[in-house]
Protein chains: 2
Amino acid sequence: MRAGIKQVAELAEVSTATVSHVINSTRFVSTETKEKVYRAMRELDYRPNAIAQSLRSQKSNTIGLIVPILPSDTSNFFFMTVAQGIQMTLKRYGYHMLLSNNVNEELGDEQEQIKLFNTKQIDGLIIASIAEEVGYLNDIVHNQYPVVFIDRKPVGYKGDYVLADGYGGSLEAVRQLLEKGHRRIGFITGTLGISTSNERLEGYREALAQQGVPYDPSLVMIANASFESGYLCAQQLLASGDVTAVFVANNVLTMGVVACLQEKRIRIPDDLAVIGFDDYDWTKITSPPLTVIRQPSFEIGVTAAEVMMKRIEKRSEQQRHKEYRLPTTLIERGSC
Amino acid sequence: MRAGIKQVAELAEVSTATVSHVINSTRFVSTETKEKVYRAMRELDYRPNAIAQSLRSQKSNTIGLIVPILPSDTSNFFFMTVAQGIQMTLKRYGYHMLLSNNVNEELGDEQEQIKLFNTKQIDGLIIASIAEEVGYLNDIVHNQYPVVFIDRKPVGYKGDYVLADGYGGSLEAVRQLLEKGHRRIGFITGTLGISTSNERLEGYREALAQQGVPYDPSLVMIANASFESGYLCAQQLLASGDVTAVFVANNVLTMGVVACLQEKRIRIPDDLAVIGFDDYDWTKITSPPLTVIRQPSFEIGVTAAEVMMKRIEKRSEQQRHKEYRLPTTLIERGSC
DNA sequence: CTGAAAGCGCTTACAG
DNA sequence: CTGAAAGCGCTTACAG
């Protein structure tokens, strides 16, 4: 059996209250008693039972994370990297991460997950909700812990959110294409409705507008987030005729597009210039290597976790909720 | 405030014991009392507090998972996919997953993580240990819960383990290369010492031996698991002269190798035939698409979780620990 | 400077 | 067929 606080108290010849207080530095204890307690703890290799601590203090030192990662191989490097960022920084703060990925991309599952998390007394929730409207959180969270949103801008619930500057990134990508003389520029994006896609589309339109290039809806392809879907969109876009460049606003779709171009022996960038989304190692090994808009995925995770820690520490000071928008970068390689 | 079992009991006009028993179906309760209890639970939207349940029953419904995933973008699709497999099947059994990735690849961290997990009363541990010898687990786990190893074969601790047939995969890959007439075949692997790499090297040697091709140590490059390292190994291998094919026994290294070949304008497979490891979407979009040995990563996760569930259910019957070895597949594309 | 004791929300012998 | 009560391992007012 593992030693408990009682055994430590006995061995140190103090009360359990004292032991607890030296563990948590929650009231003054004389140096000598402290020493006795430390000695006893060491001797018994004592570790406080986190479950008991949680039950008593109503605090679990655990943050719940919900992200939509499909079971496919590819999808979603992005969220996995974000999750790593979160996990690593939580660790630094002594927090744990309870991970749940919403596989079906169904809203009901998402809610169910949160209820399960509640049951585990999470101290905070970080979520990339699949919902366009997250008002339902009001009923589930009951304001009992902070919620930090990632990747998408929440509507219907007040909370901090951290995401990349998709608008700016998209603007920069399309500008780059325009500068190279392209006028018929395709745009392939994931489902509209969520803020991420919307913003990227906006950036595309704005870039065109700034150069006086008319917006042609037939050049905009809406895919669902899969390799195959990217492949098909590329195919359609090519069939439509005179496109000379394409900006793909999502990493999985980018792969599908490249696969299609390669199969059809369309040369990049000569026949078609391409800018992809997200910077991963594999974008360096296509031929030519891909020019992409980099999102700081790891940093998004780090920031989200840090914002969360700040919220938890200063629970009382009801500061306004903030938007944390991290800049994207154009990484120029050979595809445009 | 959330309702507790007490509130439910009051509303249903029964004892908390009865409520508990209907929740857990742990003793007979008459249909009508049951009904009253269900009604009360529904009305209060009651969910048992998992923390309290854990404390009392010494069971957390949580499995700890420790995998070594470096913070780099790329590394390690493999373990992430495994983690997904684990998480999805645990979910089906009503279990949670506590994830911790051992970023530094340091043994001390690994041990520290397990101690933290102990503190959280995990019911089982799934681990891809970085240690060659895991005898230290005896002191930490104290046989209090089952341990399932993944990807690597444990030495020094008895437990089930599930991994891919690296030996067979390697054998198949090198055979393929031999059949195509290659005799000078390079082999690039991660650090030796762990069973994974060792086995793959064995497969390589065995394939050569079967064809009477002498084993030449200078064709074997040992890398650490990074893109750069793969790049450098490829470079060295090329410098050494007359290699006509290479088998890269790790996915991250494969990327580095391809990057190097591309930069040096070495044509695949004409100048150098390549077989990579692990089948991911990006292996389809290199030119040419890569022939690879596929590991069933997701399935490894699923199997590990299922083995764990079985162990937990039948704690009493001390069955022998088993090896679960999943077959690999040669996926032929254009690189060899 | 420190202790005795209540209580977090459950489960589970014990008893009838 | 069901209840009263102890207890899981801690934290935290209350008290001196």
Side-chain angles (χ1 to χ4, degrees), chain A residues 1-38 40-41 44-62 94 115-116 118-123 144-145, chain B residues 1-38 40-41 44-62 94 115-116 118-123 144-145:
Chain A
M1 272 333 313
R2 300 192 54 74
I5 200 174
K6 220 167 144 189
Q7 283 70 268
V8 176
E10 270 164 25
L11 185 58
E13 300 178 295
V14 296
S15 71
T16 60
T18 298
V19 176
S20 172
H21 282 121
V22 343
I23 292 171
N24 304 300
S25 321
T26 170
R27 85 175 172 197
F28 185 91
V29 178
S30 75
T31 332
E32 23 182 359
T33 7
K34 246 191 215 158
E35 254 323 307
K36 282 194 297 181
V37 172
Y38 282 134
M41 298 204 317
L44 298 172
D45 189 26
Y46 170 70
R47 304 253 166 174
N49 179 321
I51 299 283
Q53 290 180 313
S54 296
L55 179 58
R56 181 53 229 249
S57 63
Q58 310 283 39
K59 190 162 178 336
S60 63
N61 278 278
T62 300
K115 287 184 180 168
L116 270 171
N118 284 342
T119 250
K120 295 240 167 189
Q121 309 270 66
I122 54 168
D123 298 331
Q144 309 214 40
Y145 48 77
Chain B
M1 273 336 308
R2 299 191 55 74
I5 199 175
K6 220 167 144 191
Q7 283 70 267
V8 175
E10 269 165 24
L11 186 59
E13 300 178 295
V14 296
S15 72
T16 60
T18 298
V19 176
S20 172
H21 282 120
V22 345
I23 292 170
N24 304 301
S25 322
T26 169
R27 88 174 170 196
F28 185 92
V29 178
S30 74
T31 332
E32 22 183 359
T33 7
K34 246 191 216 159
E35 254 323 307
K36 282 195 297 181
V37 172
Y38 282 134
M41 298 205 315
L44 298 172
D45 189 26
Y46 171 70
R47 304 254 166 175
N49 179 320
I51 298 283
Q53 290 180 312
S54 297
L55 179 59
R56 181 53 229 248
S57 62
Q58 309 285 39
K59 193 167 174 332
S60 63
N61 278 279
T62 300
K115 288 185 179 167
L116 269 172
N118 284 342
T119 250
K120 295 238 167 192
Q121 308 269 66
I122 54 168
D123 297 331
Q144 308 214 42
Y145 48 76

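So you know, we letter chains A, B, ... as the sequences are listed, proteins then strands, and number each from 1.
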What is the distance, to the nearest angstrom, from the CZ atom on R56(B) to the P atom on dA13(C)?
8 Å
Heavy atoms of other groups near K59(A) NZ, more than 12 under 6.0 Å
yes
Starting at the 5' end of DNA chain D, which residue's closest nucleotide do you reach first, A17(A) or T18(B)?
T18(B)
OP1 or OP2 of dG9(C) under 4.0 Å from side-chain N/O of Q58(A)
yes
Side-chain-base donor-acceptor pair under 3.5 Å for R27(A) and dT2(C):
yes
Rounded to the nearest Å, what distance is computed from the NZ atom of residue K59(B) to the P atom of nucleotide dT12(C)?
11 Å
Against the side chain of Q53(A), the closest entry in dC8(D), dC10(D), dG3(D) is dC10(D)
Provide, to the nearest angstrom, the distance between the NE2 atom belonging to H21(B) and the C1' atom belonging to dT12(C).
6 Å
Between dC10(C) (P) and L44(B) (CG): distance, integer Å
12 Å
Strictly below 4.0 Å: does T33(A) bring a side-chain N or O up to OP1 or OP2 of dT2(C)?
yes
Give a yes or no answer on whether the side chain of S54(A) reaches the backbone of Q121(A) with a donor-acceptor pair at less than 3.5 Å.
no
Position toward the 5' end of DNA chain D (nearest nucleotide), V29(B) or S57(B)
V29(B)
Could you check whether S30(A) gets within reach of a base, just the sugar-phosphate, or nothing at all, counting any heavy atom under 4.0 Å?
sugar-phosphate
